[in-house]
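Since the structure is predicted, the reported quantities are computational estimates derived from the model, not experimental observations. Atoms within a ligand are numbered from 1 in the order they appear, just like the ligands themselves.
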Amino acid sequence: MKTTGKDIDFREARDIMLDAAEAVEIERILLENCTGRILAQDLVAAENVPAFDRSPYDGYAFRAKDAAEASYENPITLKILEEVAAGAVPTKVVTEGTAVKILTGAPIPQGADVVVMYEKTTFTEKEVILTEPVKNGENIVRAGEDIRLGDVLAERGTVIDCGIAGTLASQGDFYPQVYRRPRIGLISTGNEVVDSKEQIPAGKIRNTNRYLLAAEVLRNGCEPIYLGRAGDSINEIKELLEKGLQTCDALLLTGGVSVGDYDLTPTAMEQSGIHILVQGVGMKPGMACAYGEKDGKTVYGLSGNPASALTGFYAVVMPVLRKLAGRKEYIPQEIVVTLADDFTKASRCTRLLRGRLDISDGTAKIRISGKQGNVVISSAIGCDVLAIVPAGSGPLNAGTELKGILL
Ligand SMILES: Nc1nc2c(c(=O)[nH]1)N[C@H]1C(S)=C(S)[C@@H](COP(=O)(O)OP(=O)(O)OC[C@H]3O[C@@H](n4cnc5c(N)ncnc54)[C@H](O)[C@@H]3O)O[C@H]1N2
Ligand code: MOO
């Protein structure tokens, strides 16, 4: 199916592209390199944590019923059988009238059902004296209190954070299954675009899109691979597309998607066997675009204008890259945000405003800069939310509530 026309909603475009993409394969990597990678297995507890009942305090372990009547008037004296430190194993069974000196983290000895911290006792090397009653079970961390055998702790498709890394370690899983990082090819087009770090000739421009998009590709758990710059030539674009289709999981191109004489990207895509699924999306910036698919690989012809390319990336490409990377929740969350500033322009079609989330007064506000044009790159700095201005809106006052896409 080819969807043309600029009326298509960005969510519809996103869903069309999501349907064309599947998660990449799975690999095993060392746990120390896992942070930020996507778990490719359900994390099911194979061991209790803690594995044994243990003491949360330095103190004494004994039978609660021995000290049920303890008070200042009626002190109870227990004989100390041994000392058990963390890492040691008790060798004695606690019986009536006895106690074990226990250190934080040590296993509770057989027979004991309570621990009292040493500050609440009077003690010598041989005896401990209790002057307060205790409750059975007090101050014992039970086996499985944190993690119980069989618990599902995290599902496949979850981003590995410190909690998952620590939990994997607690299970002795030092080589977990994760999704491979998708390889995303980046192609820049345009005779005017220059990659040189030196002074550039008059009329040429520096290639900012390459770095702008590479940063976002990386942030979304994928590996950016710069395939090069093609001039305004169908053959040059095709050459890079074909190279990219062989080596990458998805391709991002910028430039040449509008209606000018040198806008050759859609033609080059079609001549490379890429089936165009979306051509034009009803949003600003990012209206001009051509998104397609070949053999399960999705290809995104984004606008050359940096803010247009970035907005198209956030609205359509980012969820697909997250899906490719194996993430279970790939569609970014939306929240209600209040405009902190006026936005004076009317919006004939849906508009996505770049801004920063401000929660300093306990409400979610979006701070936008006045620079929202499609060539403006500076308002991408610190941008962590896109406010969705509905089609047909007039100028908006500060205080207007909008939906915001969290990036
Ligand atoms: N007659 C019309 N002209 C334009 C229309 C239109 O509807 N009718 N749409 C405008 C809109 S909106 C956009 S957005 C752009 C889309 O242009 P293209 O995707 O075809 O991109 P280019 O023309 O190749 O480049 C646009 C702009 O971006 C600069 N550029 C290109 N590559 C890079 C790069 N790698 N890094 C930084 N900047 C880049 C390029 O020099 C141009 O200035 O079309 C409008 N025109
Ligand atoms: O259609 Mo252009 O892509 O607004 O900014």
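- Less than 4.0 angstrom separates some heavy atom of Glu192 from each of these atoms of ligand 1: 31 (C), 40 (C), 41 (O).
- Contacts between Ile205 and ligand 1 below 4.0 angstrom, taking non-hydrogen atoms only, involve the side chain exclusively.
- For Glu125, the CD atom counts as loosely surrounded, since its 6.0 Å shell holds 12 or fewer non-hydrogen atoms of other residues, nucleotides or ligands.
- Residue contact annotation: Arg206 has a non-hydrogen atom under 4.0 Å from ligand 1.
- Salt-bridge check for Arg156 with Asp42: failed, with every basic side-chain N at 4.0 Å or more from each acidic carboxylate O.
- In this structure, Asp384 does not pair ionically with Arg356, as no charged nitrogen and carboxylate oxygen lie closer than 4.0 Å.
- Distances from ligand 1 to the non-hydrogen atoms of Met287 include no value under 4.0 Å.
- Here the shortest heavy-atom pairing between Ile331 and Arg14 reads CG2-NH1, 3.5 Å.
- We find the CE-CD1 distance between Met287 and Ile8 to be 12.0 Å, quoted to the nearest 0.5 Å.
- Ligand-side atoms of ligand 2 in range of Asn374: 2 (Mo), 4 (O), 5 (O), range being under 4.0 angstrom from any heavy atom.
- Against a heavy-atom cut-off of under 4.0 Å, Gly286 is close to the following atoms of ligand 2: 2 (Mo), 3 (O), 4 (O), 5 (O).
- The Asp263 neighbourhood of ligand 1 comprises atoms 20 (O), 23 (O), with distances under 4.0 Å to a heavy atom of that residue.
- Residue Val259 places no N or O, backbone or side chain, under 3.5 Å from any N or O of ligand 1.
- In this comparison of Ala288, Ala307, Gly256, the heavy atom closest to atom 18 (P) of ligand 1 sits on Gly256.
- Checking only distances, Ala288 does come within under 3.5 Å of ligand 2, N or O to N or O.
- In terms of N/O distances under 3.5 Å, ligand 1 is approached by Val257.
- Per-residue contacts place Asn207 under 4.0 angstrom from the following atoms of ligand 1 (heavy atoms of the residue considered): 34 (C), 35 (N), 36 (N).
- Ion pairing of Asp295 with Lys297 is absent here, as no side-chain N (NZ or NE/NH1/NH2) approaches a carboxylate O to less than 4.0 Å.
- Here Arg63 pairs with Asp66 in a salt bridge; the nearest charged N to carboxylate O distance falls below 4.0 Å.
- Here the straight-line distance linking atom CG of Asn209 with atom OG of Ser303 works out to 8.0 Å at 0.5 Å rounding.
- The distance from ligand 2 to the heavy atoms of Ser308 drops below 4.0 Å at these ligand atoms: 2 (Mo), 3 (O), 5 (O).
- Considering backbone and side-chain atoms alike, Ser308 places every N or O at 3.5 Å or more from each N or O of ligand 1.
- Any N or O atom pair closer than 3.5 Å counts here, and Lys284 shares no such pair with ligand 1.
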Worksheet item: Yes or no on side-chain hydrogen bond (donor to acceptor under 3.5 Å, both in side chains) for Ser360 and Asp358, after CA distance, side-chain angles and deciding distance?
Response: CA-CA 6 Å; Ser360 56; Asp358 177 356; 2.7 Å; yes
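- Glu270 and Lys294 are not joined by a salt bridge, as no carboxylate oxygen comes within less than 4.0 angstrom of a charged side-chain nitrogen.
- By the 3.5 Å distance cut-off applied to N or O atoms, Arg210 is not counted among the residues near ligand 1.
- Using cut-offs of 30° and 60° for the angle between ring planes, the Tyr60 and Phe123 rings count as tilted.
- The closest protein non-hydrogen atom to atom 4 (O) of ligand 2 is Lys284 NZ, 3.0 Å.
- Ligand-side atoms of ligand 1 in range of Asn374: 12 (S), 14 (S), range being under 4.0 angstrom from any heavy atom.
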